[in-house]
Amino acid sequence: MTKILYRTYQLLVALPLGLLATMVMTITVIIGCTIGDGHFWGYYPGHLWARFILWILLIPVKVEGKENLEKGQRYVFVANHQGAFDIFLIYGYLDRNFKWMMKHQLRKIPFVGYACEKSHQIFVDKRGPKKIKASYDAARLTLQGGTSVTVFPEGARTFTGHMGLFRKGAFALADELQLPVVPLTINGSFDIMPRMRDCHFANWHRLSLTIHQPIYPTGQGPENVEATRRQAYNSIMSALSTAYQGYIENPDQ
């Protein structure tokens, strides 16, 4: 009965309000970034939108580790990728102005893709060396300009809730610019809506975000990249729910 009531509420209340909020957010971002400060308009409307979506879905959120972040410091944030609700959790509750590194296919989403483009989110295109380099260059310019970036180093959402392998791109970028990497552990997103059930009803489940201590570079070069990648992976794994502990291969990587 509780599940039926929650799904009815989603259909009659949360879905219409969510669609309206998404339209308002995208239009605000597009207009704001066109006539004003893209640094402001590219983040705060999306930040409030993400919080609103979780609020209307009655999803409780717990955040730990905000004290690990220094004001004014640029970071490369890396997180496990459990599902679509990762976006709402990080955007709404990390409370840091940043740019996303996202799949280039997301540019095709009506209105949202254009808003991401106008706000200078970084589209990662792996269709050839030139496009990969262009994505990497865009991320470098963002970090050099004083803004943090957030990356899902698995490159794809999990099918099982478990973590796949971490690609080294984000860690190589942090190494090149000698910036700290901050691991983020997401729990609950897979339980709310796994990728196999995209566009279905959401399940009610608590979300949690653990912000681990930054990993500062101890050198520069391949050894530092690998050491940082390994440490970030272990940190994120350490805070995962017991049910999703351990590595399982992701065939989509």
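The first residue in the sequence is number 1, and the count goes up from there. Keep in mind that what you see is a predicted model, and the values were worked out from it rather than measured.
- Interatomic distance, OG of Ser148 versus CZ of Arg96, reported as 5.5 Å (0.5 Å rounding).
- Exactly one residue among Gln82, His205, His81, Arg157 makes a side chain to side chain contact (heavy atoms under 4.5 Å, CB included) with Phe190. That residue is Gln82.
- Here the CD atom belonging to Glu226 is positioned 12.0 Å from the CD atom belonging to Gln231, to the nearest 0.5 angstrom.
- Using modelled atom types and a 3.5 Å distance limit, the side chains of Thr28 and Trp41 yield no donor-acceptor pair.
- A salt bridge does not link Asp175 to Arg229: none of the charged nitrogens lies less than 4.0 Å from a carboxylate oxygen.
- Within the cation-pi definition used here (under 6.0 Å to the ring centroid, within 45° of the axis), Arg195 qualifies as a partner of Phe159.
- Closest non-hydrogen pair, Lys118 versus Ile30, comes out as CE-O, 4.1 Å.
- Checked for salt-bridge contact, Glu176 and Arg140 meet the test: a charged N lies under 4.0 Å from a carboxylate O.
- For the atom pair Thr26 OG1 and Ile31 CD1, the distance stands at 9.5 Å (nearest 0.5 Å).
- The minimum heavy-atom distance linking Ser238 with His212 is given by the pair OG-CE1, 4.0 Å.
- Considering only heavy atoms from C-beta on, Phe77 stays 4.5 Å or farther from Val149 through its side chain.
- Donor-acceptor pairing under 3.5 Å is recorded for the side chains of Asp191 and Tyr244.
- Centroid-to-centroid, the aromatic rings of Tyr91 and Phe98 come within less than 6.0 Å.
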